[in-house]
*Asks:* 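Pasting in a structure now, in structure tokens, and then I'll have a few things to ask.
Just so we're on the same page: letters track the sequence lines, and every chain starts at 1. From a predicted model like this one, the values you see are computed outputs, not experimental measurements.
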There are 4 protein chains.
Amino acid sequence: MTQTSAGRLSDDVPLPDRLLAVATRMFAEKGFESTSVQEIVNAAGVTKGAMYHYFGSKDDLLYEIYHRLLGLQMRRLEQIAGGTGSAEERLRAAALDVLETSFLYLDDFTVFFRSTHLLPRDRREAVRAERRRYHECFRDLVEEGQREGSLRAHTPADIAVHFFFGTVHQIGAWYRPGGRLKTRTIAEHYVDLLLNGLKQA
Amino acid sequence: MTQTSAGRLSDDVPLPDRLLAVATRMFAEKGFESTSVQEIVNAAGVTKGAMYHYFGSKDDLLYEIYHRLLGLQMRRLEQIAGGTGSAEERLRAAALDVLETSFLYLDDFTVFFRSTHLLPRDRREAVRAERRRYHECFRDLVEEGQREGSLRAHTPADIAVHFFFGTVHQIGAWYRPGGRLKTRTIAEHYVDLLLNGLKQA
Amino acid sequence: MTQTSAGRLSDDVPLPDRLLAVATRMFAEKGFESTSVQEIVNAAGVTKGAMYHYFGSKDDLLYEIYHRLLGLQMRRLEQIAGGTGSAEERLRAAALDVLETSFLYLDDFTVFFRSTHLLPRDRREAVRAERRRYHECFRDLVEEGQREGSLRAHTPADIAVHFFFGTVHQIGAWYRPGGRLKTRTIAEHYVDLLLNGLKQA
Amino acid sequence: MTQTSAGRLSDDVPLPDRLLAVATRMFAEKGFESTSVQEIVNAAGVTKGAMYHYFGSKDDLLYEIYHRLLGLQMRRLEQIAGGTGSAEERLRAAALDVLETSFLYLDDFTVFFRSTHLLPRDRREAVRAERRRYHECFRDLVEEGQREGSLRAHTPADIAVHFFFGTVHQIGAWYRPGGRLKTRTIAEHYVDLLLNGLKQA
DNA sequence: TATGAATGAGCGTTCATTCAT
DNA sequence: CATGAATGAACGCTCATTCAT
């Protein structure tokens, strides 16, 4: 997992991490299938053998990117959801956090939402299961808000979560660093649109 | 462009259309890069030569899917945007329409938002330019609504459009026909969340 | 067979000739194998069917180029060799003539000496037999000159003919129309080098 | 570069050299375009991947044949031209040497003078530049002979070089090992014809 | 640990040729 | 006479992966 804002990958970064960082960057830029193992190891300054020593296959690289990202997201969400404050406050915080994380790990997200279908079936289902848990955790927060009355019950929580995550996952498809819109601005408006949409009209 | 709900592709469908329909289906299912030209022509019951008689390359197939879809969408949006009624009413109608179209051409959309990056540079930019026009047309509708006062001016129209289209484009990533949620239900709630989010709190 | 200096190929040229002319030009420029039948018929402004109506195959096109060229050369040589004057005079005239013909039909010659090996075996041997007759006719002239005493007998006539034809056949490999050297100049010096080389030291 | 007279290509020859030798043989026999990569690697007893490990493309194989041959020739010519003796003596030695080399590397030469036009433009021009240097070195020798008076000045040196090299390059088109004419005989007569042709009549 | 030569299966594409119309 | 859709076989090339060293 590579922070978009992170600097150079100095030689003292452990090789597996360096390989993952390089792979993430290239997958985001050219796509998983258009990036050869040779290109990855060249960019990382090692040979194929080294890569196959740490990763069983090219698919493993992809899976590992997903796995790390999902783990990170889940930990953050659980911490926020389990915190103090009203459901609405925690939902707002979680929504803002997922957006900020998305901007921070933009390449990882881009790869994720573009290439899941390329994983072998079993891996794909493992990823989906992790995603589902994450989705449900977020959904519970929405339902809690509906029960406490701060959010209207009219919208099924599942749909609201699909609605919000859908647009979060698409960010990598249009957002370009250095453009006119700042990430913080986008994040705040997105959260606002979600929360306002869930309030009484 | 293939309606997901369409029936069999009988032999009297012109070969180019049949190839496009088959390709759309397979690209949506397994991804562009994981679908070989051989598989496509096998499924269409012809040989590679026949395909290359009509399409210059595998990329052309992809581009043609995009091109047809974008043309269809643009025509529909222009008709709705140029219709009668308040800006809010037309925005609501347009939002509902793009959702219904998305469900109808789910495979085409899935391919679109997953594989644009695989097009050669020039084609990719042609597609982006078409998308931009579409985006701007929709954005104008939002701005008109803000000027007429039915929508709050707080949210920049550009962001609102990215917000909405983002989630529309992700539908293919999670929606499965035959599932618990009906397309009409989803569409209505999505439109409602958008419009409600854009109203005064 | 196309005269390099010939003008446009107007529509009233019989189709077979137009096809041969176009093919000769393209074969000389890009090589036989790198020129597709489609390109030839496009350049000639007809369709494949038309070409296959007149020529049984792409190889036939090549063979016909050779056949016409060899026929032309043989007729010219026989006329010169059977003329009046000393053997040396007739040899000089024949040598000059073959050079001038080579410049005039430069494309045809270029194709000839580059692509003979691409003909099917039987055709290739037919061409070789025609070449051999031509070679022998020229050789007889050299031997006649040696018998009459104007040429030294030291050089085997066969070798002299290979020597001269070798360089004639290579002209297309280096000569470029419009360059510094004029065809007439080259031809005269080549003939001079041959005849002088065959004289008593 | 393969000596025509060389024996079998035992397994201990490095693979790149073995591939080059096999390719040279086949290109000379059937032509570059009519020889598939598959045939080459079959004959060398390896798979395509092995070939592409060492050569970037089929064109590279061709270029390498040229490059090695040109390097060899240039080195030999420079050594002879820079030696002692009159210009005429060095010219005679150089002419004899290029002929003997041509017979020794007959396949390489055959490929060279038949397939240069099949190289990609940049490679083709690199080869032409190398050829030009070679041509100029030889031409300088002729001009030196003209200045020292042993050769007549009547013939432009450039034309004389084209004349001689032309026929040298065609040798592969007609000479067959094992035939009636011996290489040494041919070489001596060719050199004699050149030198005698350049002497005062 | 790490190398890099080599594999083997598959890829997108080309093209001379055929044939129903 | 001429068309052009379609074939079928081959082509150059790629690449994830393996394995002797």
Side-chain angles (χ1 to χ4, degrees), chain A residues 15-16 19 32-42 44-62 118 120, chain B residues 14-16 19 32-41 44-62 118 120, chain C residues 15-16 32-42 44-62 118 120, chain D residues 14-16 19 32-42 44-62 118 120:
Chain A
L15 187 46
L19 283 165
F32 177 76
E33 306 255 6
S34 306
T35 305
S36 71
V37 170
Q38 191 61 63
E39 288 174 309
I40 295 168
V41 297
N42 284 352
V46 293
T47 59
K48 287 188 193 177
M51 196 214 90
Y52 278 96
H53 181 74
Y54 292 108
F55 298 93
S57 67
K58 191 187 171 192
D59 282 340
D60 270 18
L61 234 28
L62 188 58
L118 299 173
Chain B
L15 185 48
L19 285 164
F32 177 77
E33 312 109 306
S34 305
T35 305
S36 71
V37 170
Q38 191 61 63
E39 288 174 308
I40 296 168
V41 299
V46 292
T47 59
K48 285 187 193 178
M51 195 213 93
Y52 280 96
H53 185 72
Y54 293 106
F55 299 94
S57 67
K58 192 187 172 192
D59 282 340
D60 269 20
L61 232 30
L62 189 57
L118 298 173
Chain C
L15 186 47
F32 177 76
E33 307 256 4
S34 305
T35 305
S36 70
V37 170
Q38 191 62 62
E39 288 174 308
I40 295 169
V41 298
N42 284 351
V46 293
T47 60
K48 287 189 192 178
M51 196 214 88
Y52 278 96
H53 181 74
Y54 291 109
F55 299 94
S57 68
K58 191 187 171 190
D59 283 339
D60 269 20
L61 234 29
L62 189 58
L118 298 173
Chain D
L15 185 48
L19 284 165
F32 177 77
E33 310 109 307
S34 305
T35 306
S36 71
V37 170
Q38 190 61 62
E39 287 174 308
I40 295 168
V41 298
N42 283 352
V46 292
T47 59
K48 285 187 199 178
M51 195 213 91
Y52 281 97
H53 185 72
Y54 293 107
F55 299 94
S57 66
K58 192 187 171 191
D59 282 340
D60 269 18
L61 233 30
L62 189 57
L118 298 173

*Asks:* From CG of C:L118 over to C1' of E:dA16, roughly how many Å is that when rounded to an integer?
*Replies:*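 To the nearest whole Å, that distance equals 15 Å.
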
*Asks:* Name all residues meeting the side-chain contact (heavy atoms from CB on, under 4.5 Å) criterion together with B:Y54; count only those two or more places apart in sequence or in a different chain, and write none if there are none.
*Replies:*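 Result, side-chain contact (heavy atoms from CB on, under 4.5 Å) vs B:Y54: B:L15, B:P16.
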
*Asks:* Can you check the D:E39 CD to F:dA10 C1' distance for me, whole Å?
*Replies:*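 Nearest whole value for this atom pair: 11 Å.
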
*Asks:* Please enumerate all residues that pass salt bridge (charged side-chain N to carboxylate O under 4.0 Å, His left out) together with A:E33, with sequence neighbours excluded.
*Replies:*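 So A:E33 forms no salt bridge (charged side-chain N to carboxylate O under 4.0 Å, His left out) with any residue.
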
*Asks:* State which residues pass ring pair (Phe, Tyr, Trp, His ring centres under 6.0 Å) with D:Y52; sequence neighbours excluded, sorted by chain then number.
*Replies:*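 Listed in chain order: nothing, the list is empty.
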
*Asks:* Both B:Y52 and D:M51 contact DNA chain E. Taking the nearest nucleotide for each, which residue is further toward the 5' end?
*Replies:*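 It is D:M51 whose nearest nucleotide is closer to the 5' end.
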
*Asks:* Under a cut-off of 3.5 Å for both distances of each Watson-Crick or G-U pair, what dot-bracket string does DNA chain E give, using [ ] for crossing pairs and | for inter-strand pairs?
*Replies:* .||||||||||||||||||||

*Asks:* In whole Å, what is the span from the CD atom of B:E33 to the C1' atom of F:dT14?
*Replies:*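 In whole Å, F:dT14 C1' lies 15 Å from B:E33 CD.
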
*Asks:* If you look at every heavy atom in A:V46 and A:A50, which pair is closest and at what distance?
*Replies:*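 Looking at all heavy atoms of both residues, the closest pair is CB-CB, 4.1 Å.
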
*Asks:* To the nearest angstrom, how far is D:Q38 atom CD from E:dG10 atom P?
*Replies:*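 Whole-Å distance recorded here is 14 Å.
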
*Asks:* Please assess B:V41 against B:T47 for the test side-chain contact (heavy atoms from CB on, under 4.5 Å), listing each intermediate value before the final yes or no.
*Replies:* CA-CA 6 Å; B:V41 299; B:T47 59; 5.8 Å; no

*Asks:* Between D:V37 and C:L15, name the one whose nearest nucleotide on DNA chain F is closer to the 5' end.
*Replies:*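 Per heavy-atom nearest nucleotide, the more 5' residue is C:L15.
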
*Asks:* Can you tell me how far apart NZ (A:K58) and CG (A:L118) are? Round to the nearest 0.5 Å.
*Replies:*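 Those atoms lie 8.5 Å apart.
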
*Asks:* Check every strand shown and say whether A:S34 touches a base, only sugar-phosphate, or nothing at a heavy-atom separation below 4.0 Å.
*Replies:*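 No contact.
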
*Asks:* Please list, chain by chain and in numerical order, all residues satisfying salt bridge (charged side-chain N to carboxylate O under 4.0 Å, His left out) with A:D59, sequence neighbours excluded.
*Replies:*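 Salt bridge (charged side-chain N to carboxylate O under 4.0 Å, His left out) check on A:D59 returns nothing, list empty.
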
*Asks:* Between E:dG4 atom P and A:H53 atom NE2, what is the distance in whole Å?
*Replies:*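 Answer to the nearest Å: 16 Å.
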
*Asks:* Measure the distance from CG on A:L19 to P on E:dT1 and round it to the nearest whole Å.
*Replies:*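 One finds 14 Å between P of E:dT1 and CG of A:L19, rounded.
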
*Asks:* Answer yes or no: side-chain N or O of B:K48 and base N or O of F:dT7 forming a donor-acceptor pair under 3.5 Å.
*Replies:*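 Counting by modelled atom types and ignoring angles, no donor-acceptor contact under 3.5 Å is found here.
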
*Asks:* Hey, could you give me the CG/OG1 distance between A:L62 and A:T35, rounded to the nearest 0.5 Å?
*Replies:*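 Between atom CG of A:L62 and atom OG1 of A:T35 there are 10.5 Å.
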
*Asks:* Would you mind telling me which residue lines up with the more 5' stretch of DNA chain E, D:T47 or A:G45, judged by nearest nucleotide?
*Replies:*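 Its nucleotide being nearer the 5' end, the pick is A:G45.
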
*Asks:* Give, ordered by number, those residues of residues 54-62 of chain A having at least one heavy-atom distance below 4.0 Å to an atom of DNA chain E; if nothing qualifies, reply none.
*Replies:*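 Heavy-atom cutoff 4.0 Å gives A:Y54.
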
*Asks:* Closest heavy-atom contact between C:M51 and C:L61?
*Replies:*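 So the two residues come closest at SD-CD2, 3.9 Å.
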
